[in-house]
Amino acid sequence: MAEFIPVPPFDLVVFGATGDLALRKLFPSLLHRFLDGQIPPQSRIIGAARSPMDAEAFRKLVHDSRLKFAPGACGEEAQCAEFLRRIDYVQVDASAPTSEWGGLAAALKQGANPVRIFYLSTAPSLFVTIAQRLGETGLATPTSRIVLEKPIGRDLASSRAINDGVAQVFDENRTFRIDHYLGKETVQNLLVLRFANMLIEPIWSRATIDHVQITVAEELGVEGRGDYYDKSGALRDMVQNHILQLLCLVALESPNSVDADAIRTEKLKVLSALRRIDAADAVLKTVRGQYRAGLVAGNPARAYAEEIGRTSRTETFVAVKAEVDNWRWAGVPFYLRTGKRMGARRSEIVVQFKDTPVQMFGAGGAPNKLVMRLQPDEGVHLWLNVKEPGPGGLRVKSVPLNLSFADAFTLRYPDAYERLLMDVVRGNLSLFMRRDEVDAAWGWADALLAAWDEVGGEPYGYAAGSNGPTQSALLMDRDGRAWWDPE
Ligand code: BG6
């Protein structure tokens, strides 16, 4: 079992408790923390949603989703049954007047714990209303915390409106904005790799690095989320948050400590240095794509338009050449790419170093590359040039020095939400986005969205199961580079 830090007893109210995220991620993550003994016995977990049902029916829902999403979690069923007993359910319509919030008030009144958390796993359009109701009913105490799931709005203006509304009830230091990528073990490892190894930081700049690639490829399509996704698209859904956060962790200066504000201030500096992309640049530096029918992992996959049941101009793939205008990164492009229905699920950061100034061994080999594999097959691979064994001649070959985390650590990799939920209970904001970070990321994304509007046109088609539209390869090719797409 992994080591963990004990947390105080807590009351956690999950709004949107019957939704996909809560059932797929939040409850299974809480179950794992419970099984490891991290959840103190007095703690209570209260599901809140609009559907009329009693606690028993809700427990059954959680139980069934546990069987689906965390099938092997419980060695003994009795442990799972014990976890389910901690769970209560309250029917509440978030937009109903305060007079209808009595059920939740009654549930929270009995045996209140020192830490009270409200987790909003709902549409962002409900964030402000729920926060206000919590204020009006007095359920939000001066120490209560609120957790906001992404997306925080759909542009800078709507994100500001949400943050302003929530701030009327919850201070910034009690507001936990989730970007679940920050809870992934391998993403946190980026900081450790960079700042706990003397080897890396001195070569981490334009002096030695040619460019950086960040790829988050998914096999999944939009599944049942077409209504949300079609209004969002890949830029808002993945780039504005997850991918920019990854970029920040690769590019940030050394924080003075692991203190939340020290790290978040450095991330903000990177976001502020991201060059805005205008209409003229959008044509050269970005590619939008949308999947057509194809084969993903050998299975036929429908086109996006067919999945959502109408034609659409929403992008399901984006490639962007981003630039960070500061001393460390001037002239080092960050190529960002994400897409649904691609050939394989793969999240990876590739740091490509410059070639040696002189090629004294002739052709052969390749510039060094540090490949940080975030998921799946988590690990770090450093590609070095070595002499190919053999008596005749001297041939240079590029081979990887492989560090597979599965081989190095035999522990189960916890889901990102396990760590993040317990960090909320501990009051640790390091892995949550500060308001100014979200604003800066939206500022950059808004400019690109406006540029795309000005340019017009449709996303390029790409076959499901491919690496995206050919224009994405051309974006790199124009710069004399290529995406790292190992077979
Ligand atoms: C979510 C997006 O934030 O992240 C989804 O809304 C996406 O569209 C998901 O599928 C990817 O997360 P993960 O952890 O599976 O890489």
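Indexing begins at 1, ligand by ligand and atom by atom, following the structure's order. Atom set for the values below is all heavy atoms of this structure, side chains included, hydrogens, waters and symmetry mates excluded. What you are looking at is a predicted structure, and each value in this text was computed from that prediction instead of being measured.
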(message) Which of the numbered atoms in ligand 1 are under 4.0 angstrom from any heavy atom belonging to His242?
(response) 1 (C), 3 (O), 4 (O)
(message) side chain to side chain contact (heavy atoms under 4.5 Å, CB included), that's the test. Do Lys184 and Gln375 meet it? Break it down for me.
(response) CA-CA 9 Å; Lys184 289 183 190 273; Gln375 62 185 29; 2.6 Å; yes
(message) Applying a heavy-atom cut-off of 4.0 Å, say which part of Tyr229 lies close to ligand 1: side chain, backbone, both or neither.
(response) neither
(message) I'd like to know whether Phe15 forms a side chain to side chain contact (heavy atoms under 4.5 Å, CB included) with Phe118, so could you lay out the CA-CA distance, the side-chain angles of the two residues, the decisive distance to 0.1 Å, and finally the verdict.
(response) CA-CA 7 Å; Phe15 287 94; Phe118 299 102; 3.9 Å; yes
(message) Yes or no: does Asp237 have any heavy atom under 4.0 Å from an atom of ligand 1?
(response) yes
(request) Return the residue, atom name and 0.1 Å-rounded distance of the protein heavy atom closest to atom 14 (O) of ligand 1. (result) Lys184 NZ, 2.6 Å
(request) With heavy atoms of Lys340 as the reference, note each atom of ligand 1 found under 4.0 Å away. (result) 5 (C), 7 (C), 8 (O), 10 (O)
(request) May I ask you to list the atoms of ligand 1 that are less than 4.0 angstrom from any heavy atom of Lys150? (result) 1 (C), 2 (C), 3 (O), 6 (O)
(request) Identify the residue among Phe58, Phe83, Phe34 that makes a ring pair (Phe, Tyr, Trp, His ring centres under 6.0 Å) with Phe27. (result) Phe58
(request) Could you check Glu307 against Arg341 for salt bridge (charged side-chain N to carboxylate O under 4.0 Å, His left out), going step by step and ending with a plain yes or no? (result) CA-CA 12 Å; Glu307 261 185 26; Arg341 284 273 188 255; 3.0 Å; yes
(request) Scan residues 404-439 for pairs that pass ring pair (Phe, Tyr, Trp, His ring centres under 6.0 Å), counting only residues two or more places apart or in two chains. (result) Phe176-Phe432, His180-Tyr417
(message) Tell me whether Phe195 at atom CZ has more than 12 heavy atoms from other residues, nucleotides or ligands lying less than 6.0 Å away.
(response) yes
(message) Tell me the protein heavy atom at minimum distance from atom 15 (O) of ligand 1, and give that distance in Å.
(response) Arg345 NH2, 4.2 Å
(message) Checking a contact table here: which protein heavy atom is nearest atom 12 (O) of ligand 1, and how many Å away?
(response) His180 NE2, 3.1 Å
(message) Quick test: of every protein heavy atom, which one is nearest to atom 10 (O) of ligand 1, and how far off is it to 0.1 Å?
(response) Glu218 OE1, 2.5 Å
(message) Is it the case that over 12 heavy atoms from other parts of the model lie below 6.0 angstrom from the CD atom of Glu454?
(response) no
(request) Identify, for atom 16 (O) of ligand 1, the protein heavy atom at the shortest distance, and state residue, atom and that distance. (result) Tyr181 OH, 2.5 Å
